[in-house]
Every structure is written in C-alpha cells, then in structure tokens.
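Throughout, residue positions are numbered sequentially from 1 according to the sequence presented.
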Amino acid sequence: GLTAGTIDPTVYPLEKAWGLHGKAPEEEPSPELLEALRIGVGRDFVELFDQGAVAFTSPNTQIHLGRFGTAYAVDLAALDLRRRGYSSVHVQLDGFQRVLGMRSAAKAWVAPVSHPFLDTAFTGFLTLEGTHTSLTVLRLYDQPLNVGDHIYGGILDPRNGRPAEGTALVAVTGPSATMAAALAQALLVAGLKGAPALLSAFPKCEALVIPDQQPEELWMTSGWQERFTVTADSTNQQHTLERAATPADGDEPATPAPES
C-alpha cells in the first residue's frame, strides 16, 4: 500500500490494550496478548463494496478512524463553505487545518508549527497557498502513555503492535487535510529511514520531520523549505529530506482525500 503498513485502522484492539482509548495498563501488554489481539487485524479482513458498504471477514476485526475522521471533517467543512460562496476560509480542528483563498487581498494564510516538546513554543511558520492549502501537525507526545516506568507516545506502529518511537514531530502540507494526515502518521511511524519512499508515494505533499533526540534536527523537503520560516531564536540543525526515485515518473497513486 501507499503507507507500507504504517497505517491500519483495524489495530483498534491493540490500541485499547495499550490504553490509547482509556486507562493505560500498569504493565506492557505481553507478546502473547498482542499476538492474540492481532487475529482479525489487517486490511485482508475488510472488504469494500462499490455501494460504499464495508464488511468484516473476522468477528475480531474492529475499526477506529481516530484522527483521520477529524481530518476528513476539516476537508468536508472547507469544501462546504466553498460551495456556499465563501472565498476566504480557515478551518482547524486539533492539529488539522485547511484554508481557502487568501487571508486578505495581499496576504496568504500563515500557520504556526508546534514545537516537538514545548507547548508554548513554535518551530516556525508555514505559508499555506497554491496547491498546499492544508497542514497536519502530529507530535508523538501529545497523548503520552505512562506504562510502568516508561513514557511512550500515543501512536501505534501497526507493523509490530507497539507504540511508535524515534520521531518527535511530523508536519505535512498538501492539497487536503486527509492526505496530509495520512502521510504525517506514516512518517511519524516510519521515521527518517522510511521517509524517502513514503514521500515518493505522496508527490503532492511536502513535509517536516523532527527526530526524538537532542540536539534537535529539522529534516525538510525542498518544497517545505520554500514555504517555511524557522523561529528567529532557533538553533536547530537543518537538513534536506529527499524523496526516493520513482520507477515511472508521472505515475501518481490515488489517495483517498477530497480535494475539490
């Protein structure tokens, strides 16, 4: 798939075991429990029909859209406002936002990008214009999990059933909030190692990735750098985030995101 297994809405039973939808467990779920909960996890257990119906082929399969439902709602709200005749719009829910038009006759929309660790600081400011009208910002520790003596981030890696580690913040801009949200979560789970391939699968998006380490490093695609202003007091090291070469130039994958 486009996200190489880094996104799977059927991991809901595993998320519950880690306390992502309730109280965190006193101890980490055992490998045996996680393996048992994986029965029914995976896209092979979900069938989609032309009429829009969804069927589960396992009684253990559960789906939770989570943040993707929020991003999709942002897209639908922006498109509805455009249909109603509004030409200057800014819609934001949690870390997902989308704009239409310009903020004013001479000014584009500018959105602050959170700091990966400090709630009262920003990493910088991104201009939203042209085909990059949406922004998703995901921080690993926005919903921290305190399990035993370890603090995990609140996003699960579907590939191993454990909380994702290694990336503190990802921000993605693109033509829709849904598309940006999909790439942002995939990048947060895959980290810098998996970023080039993921970015090639989403050619309409630009991204910022900040690893969970000190000193902080900003890894940015060239298109992100063109639109981004780092805060004046920042001492972060900055690097260019490259896309992997694609086997066939011009072939763009379909992405489930309402753009118009």
Side-chain angles (χ1 to χ4, degrees), residues 1-46 56-71 95 116-117 136-172 180-202 207-214 217 219 241 244 253 255-256:
L2 290 177
T3 59
T6 55
I7 295 177
D8 187 343
T10 67
V11 297
Y12 186 53
L14 295 169
E15 292 179 341
K16 290 194 294 184
W18 281 97
L20 289 176
H21 304 285
K23 184 179 179 180
E26 295 183 1
E27 299 179 348
E28 291 190 10
S30 67
E32 294 77 16
L33 174 60
L34 293 178
E35 186 62 29
L37 291 174
R38 293 186 75 87
I39 300 175
V41 172
R43 64 178 62 191
D44 292 340
F45 297 101
V46 180
F56 300 153
T57 60
S58 168
N60 299 312
T61 301
Q62 301 178 57
I63 282 183
H64 185 260
L65 296 178
R67 58 184 56 85
F68 298 109
T70 305
F117 307 110
T136 290
V137 179
L138 292 183
R139 297 197 308 174
L140 182 63
Y141 297 108
D142 262 344
Q143 297 177 326
L145 287 176
N146 293 280
V147 181
D149 59 354
H150 198 101
I151 300 177
Y152 292 104
I155 295 178
L156 206 69
D157 184 344
R159 300 169 300 180
N160 58 22
R162 296 181 57 81
E165 296 182 280
T167 303
L169 180 144
V170 171
V172 174
L183 179 55
Q185 179 157 329
L187 287 170
L188 194 143
V189 171
L192 288 175
K193 183 177 180 179
L198 288 167
L199 289 165
S200 291
F202 289 80
L208 161 71
V209 177
I210 303 179
D212 187 7
Q213 65 182 41
Q214 296 293 337
E217 295 182 354
W219 289 81
L241 189 57
T255 48

Determine the minimum heavy-atom distance between Leu188 and Arg139, stating which atoms define it.
CD1-C, 4.3 Å
Checking Asp212 against Tyr141: is there a side-chain donor and acceptor pair closer than 3.5 Å?
yes
Minimal non-hydrogen separation, Trp18 against Gly161, with atom names:
NE1-O, 2.8 Å
Determine whether a donor-acceptor pair (N or O, by modelled atom type, separation under 3.5 Å) exists between the side chain of Ser200 and the backbone of Pro196.
yes
Could you check if a side-chain atom of Leu183 sits within less than 4.5 angstrom of a side-chain atom of Leu187, using non-hydrogen atoms only?
yes
What are the two closest non-hydrogen atoms of Asn60 and Gly40, and how far apart are they?
CB-CA, 4.3 Å
By ring-ring contact (aromatic ring centres under 6.0 Å, His included), Tyr12 pairs with (sequence neighbours left out) His21, His64
Step by step, would you call Thr57 with Val46 a side chain to side chain contact (heavy atoms under 4.5 Å, CB included)?
CA-CA 6 Å; Thr57 60; Val46 180; over 6 Å; no
Side-chain contact, heavy-atom cut-off 4.5 Å: Val147 with Glu27?
no
With a 4.5 Å cut-off on side-chain heavy atoms, are Thr10 and Phe45 touching?
no
Measure the spacing between CD1 of Ile7 and CZ of Arg67 and express it to the nearest 0.5 Å.
9.5 Å
Does any N or O in the side chain of Thr136 come within less than 3.5 Å of the main-chain N or O of Val172, such that one atom is a donor and the other an acceptor?
no
Take atom CD of Gln143 as the centre, draw a 6.0 Å sphere, and report whether it contains more than 12 heavy atoms from other residues, nucleotides or ligands.
no
If you count the non-hydrogen atoms of other residues, nucleotides and ligands that lie under 6.0 Å from CD in Glu26, is the total more than 12?
no
How far apart are the closest heavy atoms of Leu169 and Ala171, and which atoms are they?
CD2-N, 4.0 Å
Measuring only between side-chain heavy atoms, which start at C-beta, is Trp219 closer than 4.5 Å to Leu192?
yes
Check the surroundings of atom CD1 in Ile151: do more than 12 heavy atoms from other residues, nucleotides or ligands lie under 6.0 Å from it?
no
Nearest-0.5 Å distance that lies between atom CD in Gln185 and atom CG in Asp157:
10.0 Å
Is there a side-chain contact between Val41 and Ile39 in this structure, where contact means two heavy atoms from C-beta onward sitting under 4.5 Å apart?
no
Rounded to the nearest 0.5 Å, how far does CG of Asn146 lie from NZ of Lys23?
12.0 Å
Is there a side-chain contact between Arg159 and Val189 (heavy atoms, below 4.5 Å)?
yes
When rounded to the nearest 0.5 angstrom, what distance separates CG in Leu241 from CG in Leu208?
9.0 Å
With a 4.5 Å heavy-atom cut-off, do Leu14 and Leu156 have their side chains touching?
yes
What closest approach, in Å, do Thr3 and Leu198 show between heavy atoms, and which atom pair accounts for it?
CA-CD2, 3.6 Å
Heavy-atom closest pair, residues Asp8 and Arg43:
OD2-N, 4.2 Å
For the residue pair Pro144 and Tyr152, establish whether any side-chain heavy-atom pair is separated by less than 4.5 Å.
no
